[in-house]
Amino acid sequence: MVDLKYEDFLDLKYSPSKNDLVALFKVIPENGISIKEAAARVASESSCGSWSNLIKIPKIVENIKGKVFEIKGNFIKVAYNYELFEEGSIPNLLSGIAGNIFGMKAVKNLRLIDVSFPKKYLKDFKGAFYGKDVFKKIFGKKEGPITASVPKPKVGFSHYEHAKIGYLLWKGGIDAIKDDENLSDQKFNRFEKRVKLLAKYKNKAEKETKEIKDAFINVTAPNLKELEKRVKLIRDYGFKYFMIDFVVSGFTTVQTACELAKDYKMAIHGHRAMHATFTRNENHGISMLFLAKLARIVGIDHVHIGTVIGKLESKLEDVIAIKEEITEEKVKEIKNRRLEQNWYGIKPIVPVASGGLHPGILPELFDIYKTTNIVIQVGGGIFGHPLGIERGARAVIQAIEAYKNDISLEEYAKDHKELKVALEIWGRSKPI
């Protein structure tokens, strides 16, 4: 029998090699378990350990076992040799570093905060087809934002009502019509009918406005065959985009979708529906930063990361850390929040701000992001406008114009009725 003890996965003198993946965890041990013991069990279970003595151990184990090399309070760092993982497979990666470890009795709470990927691991991923180039290559813009809107209520419209509303949004200046996360192929709004009619109204709006329009149509499907069918249909009707709920779909599906996007030269709008089930608790689960990082690796072109000031929970420091992570070539470590990362040429992607936005708070949003090169999605902040959908959309565009021209919204509203009415209703209020 061979003894492979938990403590064999603890090596506080180890210095990670250039080919190691380094994971940052927050570990809260169960009562009676020391932080060192809990940390070692995390490294063991996430790599190649076992609870019992073994008859035989392969020679490679010494190289591929996870190594806890740093413990500071409840935060630990674990190094994994890249050879532990299948090349180019996010599902395999997550099965290890985010797999059984969350169910271990030795930990009361466990949080996967970040993973720093070496060049040797990233070389098997292509990243996004467009990424930050969507502004120019799809919409013909020198800079952002890309404006998007979901017909509200989020579900309930027929395909005809949905497309007609889309036309009004496009006419009002919005760039892209977006399905909400729970609209796919329901009886009251069939996917194929929605695509066909949206294409008709898109062409009409483009001719009338002389602007490029598109749609983030939700291809999230019950199986890969249906997913491929939906993506192809969208492409055949002239759209450059599709949308996928990337968390609920799982990364096998997402990686398949990203390959389709490259084949068809399309962009992907990544919706993060369900993420908060495991990102919101700061002591347990997986961080949104890490999910956004995976989105960049596999090839999603833009992903929702929060607004700070909208209706959904998001902290300023988290949103900024994620924005930097997905838009910059290199990022520095932020203690207990983010690891250093060199992206080695994986394209930057575009942050999406959504949830509770309206014209009155767009300037504050752009100030938070320190750029307008983002996607903004405004739903209720258009559909609650008393002058109607098209003019509600114009109010959003007017707020953007004011910001870009360094004019206060109140001043700009004097000559722009749609913005004036929006400010009268919502002012600078932040939804909760």
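Residue numbers run from 1 in the order of the sequence given. Values below: all heavy atoms of this structure, side chains included; hydrogens, waters and symmetry mates excluded.
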### Query
Has the side chain of E226 got a donor or acceptor atom that lies under 3.5 Å from a matching backbone atom of N223?
no

### Pair E30 + R41, salt bridge at N-O below 4.0 Å
no

### Task
Please answer whether the main-chain N or O of I146 pairs with a side-chain N or O of K141 as donor and acceptor at a distance below 3.5 Å.
no

### Message
Atom NZ of residue position K323 - does it have more than 12 heavy atoms of other residues, nucleotides or ligands inside 6.0 Å?
### Response
yes

### Message
Does atom CZ (R428) have a neighbourhood of more than 12 heavy atoms from anything else shown, all under 6.0 Å?
### Response
yes

### Query
If you draw a 6.0 Å radius around NZ in K347, do more than 12 non-hydrogen atoms from other residues or ligands fall strictly inside?
yes

### Query
Any side-chain heavy-atom pair from L316 and I368 closer than 4.5 angstrom?
yes

### Query
Would you call E87-K123 a salt bridge at under 4.0 Å N-O?
no

### Task
Give a yes or no on this: more than 12 heavy atoms of other residues, nucleotides or ligands lie within 6.0 Å of atom NZ of K404.
yes

#### Entry: Nearest atoms (heavy-atom pairs only) where A38 meets V27
CB-CG1, 3.8 Å

### Query
Using a distance-only test with no angle check, is there a side-chain donor-acceptor pair under 3.5 angstrom linking N336 and K26?
no

### Message
Checking D124 against Y82: is there a side-chain donor and acceptor pair closer than 3.5 Å?
### Response
no

### Task
For side-chain contact (heavy atoms from CB on, under 4.5 Å), just list the numbers for K18 and K120, CA-CA rounded to whole Å, side-chain angles, deciding distance to a tenth of an Å, and then say yes or no.
CA-CA 9 Å; K18 67 176 184 178; K120 202 156 191 174; over 6 Å; no

### Query
Would you find more than 12 non-hydrogen atoms of other residues, nucleotides or ligands less than 6.0 Å from K36 atom NZ?
no

#### Entry: Donor-acceptor contact present, side-chain Q341 to main-chain K332, <3.5 Å
no

### N/O donor-acceptor pair under 3.5 Å between N373 side chain and G144 backbone
yes

### Query
Out of curiosity, Y264 OH to F239 CZ, how far, rounded to the nearest 0.5 Å?
16.0 Å

### Step-by-step side-chain contact (heavy atoms from CB on, under 4.5 Å) determination, D179 to H162
CA-CA 9 Å; D179 288 350; H162 184 103; 3.3 Å; yes

### Task
Taking all heavy atoms of I346 and all of L122, pick out the closest pair and write down the distance.
CD1-O, 4.1 Å

### Query
Between H302 and Y241, does the ring centroid distance fall short of 6.0 Å?
yes

### Task
Take atom NZ of K262 as the centre, draw a 6.0 Å sphere, and report whether it contains more than 12 heavy atoms from other residues, nucleotides or ligands.
yes

### Message
Could you check whether any side-chain N or O of N189 sits under 3.5 Å from a backbone N or O of F157, counting only pairs where one atom can act as donor and the other as acceptor?
### Response
yes

#### Entry: 4.5 Å side-chain heavy-atom contact, I165 and Y201
no

### Query
Is the backbone of K65 close enough, under 3.5 Å, to the side chain of S47 for a donor and an acceptor to pair up by distance?
no

### Task
Would you check if the side chain of K77 reaches a backbone N or O of V22 as a donor-acceptor pair within less than 3.5 Å?
no

### Query
Checking side chain to side chain contact (heavy atoms under 4.5 Å, CB included) against Y237, which of E192, K200, K196, K202 comes through?
K196

### Spatial distance of atom CD1 (I28) from atom CG (N74) [nearest 0.5 Å]
5.5 Å

### Query
Should we say atom CZ of F188 is surrounded by more than 12 heavy atoms from elsewhere, each under 6.0 Å from it?
yes

### Task
Return the minimal non-hydrogen interatomic distance between M266 and I234, and the atom names on each side.
CE-CG2, 3.7 Å

#### Entry: Quiz item: cation-pi between K137 and Y130, 6.0 Å / 45°
no

### Pairwise side-chain contact, K293 with I326, heavy-atom cut-off 4.5 Å (strictly under)
no

### Query
Step by step, would you call V150 with F216 a side-chain contact (heavy atoms from CB on, under 4.5 Å)?
CA-CA 9 Å; V150 175; F216 306 153; over 6 Å; no

#### Entry: Contact check, side chains of L21 and L93, non-hydrogen atoms, under 4.5 Å
yes

### Query
Got a second to check how far I97's CD1 is from E45's CD, nearest 0.5 Å?
14.0 Å

### Summary
The ring-ring contact (aromatic ring centres under 6.0 Å, His included) partners of F102 (sequence neighbours excluded) come to H284

### Task
Give me the ring orientation class for F251 and F246: parallel if the planes are under 30° apart, tilted from 30 to 60°, perpendicular past 60°.
perpendicular

### Query
Can you find a heavy atom in the side chain of H304 that is under 4.5 Å from one in the side chain of H275?
no

### Task
With the side chain counted from C-beta on, respond yes when R111 and N283 share a heavy-atom pair under 4.5 Å apart, and no when they do not.
no

### Task
Determine yes or no for a side-chain-to-main-chain donor-acceptor pair under 3.5 angstrom, with Q255 supplying the side chain and G88 the backbone.
yes

### Message
Can you confirm whether P118 sits close enough to Y121 that some side-chain heavy atom of one is under 4.5 Å from a side-chain heavy atom of the other?
### Response
yes

### Query
How about I244 and T253: do any of their side-chain heavy atoms sit closer than 4.5 Å?
yes

### Message
I'd like to know if the side chain of S249 and the backbone of V254 have a donor-acceptor N/O pair within less than 3.5 Å.
### Response
no

### Query
Parallel, tilted or perpendicular: which fits the ring planes of F290 and F117, with parallel below 30° and perpendicular above 60°?
parallel

### Query
Measuring from K213:NZ to I177:CD1, what's the distance to the nearest 0.5 Å?
8.0 Å

### Task
Verify the neighbour count for atom CD of Q186: are there more than 12 heavy atoms of other residues, nucleotides or ligands below 6.0 Å?
yes

### Message
Is it the case that the side chain of R194 and the backbone of S184 share a donor-acceptor pair, with hydrogens and angles ignored and the cut-off at 3.5 Å?
### Response
yes

### Query
So which heavy atom on A128 is nearest to which on D301, and how close?
CB-OD2, 3.5 Å

### Minimum heavy-atom distance between P351 and I349, given as atom pair plus value
CD-O, 3.8 Å

### Query
Regarding R230 and the six-membered ring of F242, is the cationic atom NZ or CZ under 6.0 Å from the ring centre and inside 45° of its axis?
no

### Task
Assess whether side-chain contact (heavy atoms from CB on, under 4.5 Å) is satisfied between L112 and L110, documenting all intermediate values.
CA-CA 7 Å; L112 173 57; L110 180 65; over 6 Å; no

### Query
From L362 CG over to H358 NE2, what is the distance, rounded to the nearest 0.5 angstrom?
8.0 Å

### Over all atoms of both residues, closest heavy-atom pair of K152 and G380
CG-N, 4.0 Å

### Task
Report the distance from atom CD of E390 to atom CD1 of I174, rounding to the nearest 0.5 Å.
11.0 Å

### Query
If we ignore angles and hydrogens, is there a donor and acceptor under 3.5 Å between the side chains of N218 and T220?
yes

